[in-house]
Amino acid sequence: MTIRLHNSKTRKKEEFTPLDPKNVRMYVCGPTVYDRAHIGNARPVVVFDTLFRLLRHVYGADHVTYVRNFTDVDDKINAKAAETGRPIRDITDETIAWYHQDMDALGALRPTHEPRATEYIGPMVAMIQTLIDGGHAYAKEGHVLFRVRSYKNYGALSGRSVDDMIAGARVEVAPFKEDPMDFVLWKPSDAVTPGWDSPWGYGRPGWHIECSAMSYELLGASFDIHGGGLDLQFPHHENEIAQSCCAHPKAGFAKVWMHNEMLQVEGKKMSKSLGNFFTVRDLLDQGYPGFLIRMVFLMTHYSKPMDWTEAKFRQAQNELYKWSYWLTNFAETKKQPSKEIVEALADDLNTPEALTVLRTLFRDGKYEQLAADLKFLGVWDGQSPDQISLLHLHNAEQRHEISDRIDSLLRNLEMYRNEKNYADADRIKNGLIEAGVSVQIGKLGTSYELTPAFDPTKLDQIK
RNA sequence: GGCGGGUUGGCGGAGAGGUUACGCAGCGGAUUGCAAAUCCGUGAAGACCGGUUCGAUUCCGGUACCCGCCUCCA
């Protein structure tokens, strides 16, 4: 099995060859933990979880190490602490727990390691010292700055030159900077901001150094894949490369860089002011099942901008709903994923192609394989049609009541049909259809399915 | 202003220099008391302008529009 991945660094699709097939190593930039993850935050999680699943399948579950960090020292967290009066650790612990709940719901496997930045201050300080010793960084006025001009390849990842960026003239020019593009490795803290003692005084790390330090500690100076959202390509990843490559000049740092494109909502950039901002938790609470949210993500290739729309969700729901009727016996299947689905993912994570594979399996009646492939993708894990369609019904008691009500209506419908009283039969049938219940009248009897449009309140209007 | 990406049929969305993507919706048929479901069949595209080529939606250049980053908002 050959995996091919688009490498942002070379801008080409390349054959993936692990440095060590017994230990394939991937690092993905994780969240800053100050609030619930929004829907855009979830895209890289699902994208790289899909890659994680593929790598585990190809190289073996015990031969893949996936690291995703938690940034738990950050000015947004400090601001939240100041605003609420709560200790920082409370806020970050709570947010991490939320993150786990929400991402678990999307079917994302937990990474092998989820390091917190605050637990790696020592390695960060050590790396900063190495950079200073090597002439790549300098301390000034309690700050330590990375000397961008000392790394000749700076800008290679994002296709920019230092001179072009300065011409853009939007960089902060602080008096303690030798060059406007130099960025902070360490900055001073006051009495109310979190800080640690260091050779340069009491302070806290800049944003970028944590990923360089933690990837080094957990994956080594060279590893296979580094991922994250496209928005991180510059400056974050560019700075990571500069730091890591200058601190460990003989190593290659990440071989393959992968960036997922951004997410929009109903055709617009998600923003609080447009009112199209929502969190994963908002969707889950409204009854959008996590596995369907995941399926919506898989409908668009990771390298393309993705639009979250209600219509797209409905499409995913309808499709999975249709399939789920044939999968009830295969909830526990141990069948391996099909060659076709693995090949689709191996081709630069072509998840839309993977969905086409699923449709072909369905069309050909290969239901157990369909179940196995859905499980492999993390899109379905034995959910019944009702769990896919009953959006707003969470409690079993309600469900039971509704099911009794529909059964009773169907008994009346059958009675009228036996009497050839088609007027009354149609009245009930149309009422059920109006309520979003799909009615099937066959020679052997009458049955029904709840469609995604099901609205229980409309059942009461049927006389 | 600088850099990067995108633009495919009514909608979603891929691959491939030349042969049906696929799904949804539509249309026709089988079936049905009528429907639904199912099955069979079917129309529909490649932003615009040039270039390369025997041939381009697929390669190259330009234009328009959209998006992202350059501002520690993913």
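By convention in this document, chain letters (A, B, ...) are assigned in the order of the sequence lines, proteins followed by strands, and residues within each chain are numbered from 1. Just so it is clear, the values below take in all heavy atoms, side chains as well, and ignore hydrogens, waters and symmetry mates.
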* To do: Please give the nucleotide sitting opposite B:U53 as a Watson-Crick or G-U wobble pair, both distances under 3.5 Å, or none.
  => none
* Please state how far atom CG in A:Asp347 lies from atom P in B:G13, giving the value in whole angstrom units. => 18 Å
* To do: Give A:Pro352 one of three labels, base, sugar-phosphate or nothing, depending on what nucleic acid heavy atoms sit under 4.0 Å from its own.
  => sugar-phosphate
* Asked: Rounded to the Å, how far apart are A:Phe234 CZ and B:C67 P?
  -> 22 Å
* Is it true that A:His259 and A:Phe234 have ring centroids separated by less than 6.0 Å? -> no
* **Among B:G12, B:G23, B:G6, the nucleotide that comes nearest once only the side chain of A:Lys322 is considered** => B:G23
* **Residue pair A:Arg68 / A:Phe48, side-chain heavy-atom distance below 4.5 Å** => no
* To do: Give one of base, sugar-phosphate or nothing for A:Ser303, where a contact means two heavy atoms less than 4.0 Å apart.
  => nothing
* To do: Assign A:His38 to base, sugar-phosphate, or nothing according to its heavy-atom contacts below 4.0 angstrom with the strands shown.
  => base
* Asked: Which one is paired to B:G41, where only Watson-Crick or G-U wobble pairs with both distances under 3.5 angstrom count?
  -> B:C27
* **5'-most by nearest nucleotide on RNA chain B - A:Arg363 or A:Tyr422** => A:Arg363
* Asked: When rounded to the nearest Å, what value does the distance between C1' atoms of B:G12 and B:G17 take?
  -> 26 Å
* Please say which of A:Thr50, A:Asn350, A:Thr351, A:Asp348 ends up in a side chain to side chain donor-acceptor pair (under 3.5 Å) with A:Tyr302. => A:Asp348
* Which part of the nucleic acid, if any, lies within contact of A:Arg417, taking any heavy atom under 4.0 Å across all strands shown: a base, the sugar-phosphate backbone alone, or nothing? -> base
* Send over the distance from A:Ile406 CD1 to B:A36 P, rounded to a whole Å. => 19 Å
* Closest listed nucleotide, where the reference is the side chain of A:Ala425 and the choices are B:C34, B:A14, B:G33 -> B:G33
* To do: For nucleotides B:U58 and B:A21, find the distance between their P atoms and express it as a whole number of Å.
  => 16 Å
* **Donor-acceptor pair (no angle test) under 3.5 Å: A:Asp426 side chain, B:G33 base** => yes
* Asked: With a 4.0 Å cut-off on heavy atoms, is A:Ser158 in touch with a base, just the backbone sugar-phosphate, or nothing at all?
  -> sugar-phosphate
* To do: Would you mind telling me which of B:C72, B:G4, B:G12 lies closest to the side-chain atoms of A:Asp74?
  => B:C72
* Would you indicate whether A:Glu434, at its atom CD, is surrounded by more than 12 heavy atoms from other residues, nucleotides or ligands within a distance under 6.0 Å? => no
* Structure fact -> Rounded to whole Å, NE2 of A:His208 lies from P of B:C70 at a distance of 10 Å
* Please state the C1' separation for the pair B:A16 and B:G55 - nearest whole angstrom. => 15 Å
* Tell me what A:Tyr34 touches on the nucleic acid: a base, only sugar-phosphate, or nothing, going by heavy atoms under 4.0 Å. => sugar-phosphate
* To do: Give one of base, sugar-phosphate or nothing for A:Ile441, where a contact means two heavy atoms less than 4.0 Å apart.
  => base
* To do: Give a yes/no answer on whether the side chain of A:Lys312 brings an N or O atom under 4.0 Å of OP1 or OP2 in B:G13.
  => yes
* Asked: Is A:Lys187 touching bases, backbone alone, or none of the nucleic acid, heavy atoms closer than 4.0 Å?
  -> base
* Please work out if A:Ile433 contacts a base, only the sugar-phosphate, or nothing of the nucleic acid, heavy-atom cut-off 4.0 Å. => nothing
* Have a look at A:Met262 and say if it touches a base, only the backbone sugar-phosphate, or nothing, with a 4.0 Å heavy-atom cut-off. => base
* **A:Glu94 and A:Arg86 ion-paired at < 4.0 Å** => yes
* Structure fact -> Of the candidates B:A35, B:C69, B:G4, the side chain of A:Lys429 sits closest to B:A35
* Asked: Does the side chain of A:Thr356 get closer than 4.0 angstrom to OP1 or OP2 of B:A14 through an N or O atom?
  -> no
* Identity of whatever pairs with B:A36 - Watson-Crick or G-U, under 3.5 angstrom -> none
* To do: Pick the P atom in B:G41 and in B:U20, then give their distance to the nearest Å.
  => 14 Å
* G-U wobble or Watson-Crick pairing nucleotide for B:C69 (cut-off 3.5 Å, both distances) -> B:G2
* Check every strand shown and say whether A:Gln440 touches a base, only sugar-phosphate, or nothing at a heavy-atom separation below 4.0 Å. => base
* Base B:C72 paired with A:Lys76 side chain (donor-acceptor, <3.5 Å) -> no
* Asked: Just how far, in rounded Å, is P of B:G13 from CE of A:Met306?
  -> 8 Å
* Asked: Taking atom P in both B:G13 and B:G28, what distance in whole Å separates the two?
  -> 29 Å
* Can you tell me the distance, in whole Å, between the NE2 atom of A:His259 and the P atom of B:C69? => 13 Å
* Hey, which of A:Leu377, A:Asp373, A:Leu374, A:Val357 is the one that makes side chain to side chain contact (heavy atoms under 4.5 Å, CB included) with A:Pro337? -> A:Asp373
* Asked: Can you tell me how far C1' in B:G10 sits from the matching atom in B:A44, rounded to whole Å?
  -> 9 Å
* Structure fact -> Atom CZ of A:Phe146 and atom P of B:C72 are separated, to the nearest Å, by 18 Å
* Compute the centroid of each ring, for A:Tyr151 and then for A:His136, and state whether the two points are separated by less than 6.0 Å. => no
* Asked: Looking just at side-chain N and O atoms, do A:Asn239 and A:Tyr154 make a donor-acceptor pair shorter than 3.5 Å?
  -> yes
* Atom-to-atom span, NE2 of A:His143 to P of B:C72 - whole angstrom -> 14 Å
* Asked: Is A:Asp182 salt-bridged to A:Arg149, cutoff N-O under 4.0 Å?
  -> no
* Structure fact -> Which of B:C69, B:G13, B:G23 is nearest the side chain of A:Arg359? It is B:G23
* Structure fact -> Assert: residue with more 5' nearest nucleotide on RNA chain B, out of A:Asn350 and A:Leu413, is A:Asn350
* Asked: Across all strands shown, which nucleotide pairs with B:U63 by Watson-Crick or G-U wobble geometry, both distances under 3.5 Å?
  -> B:A47
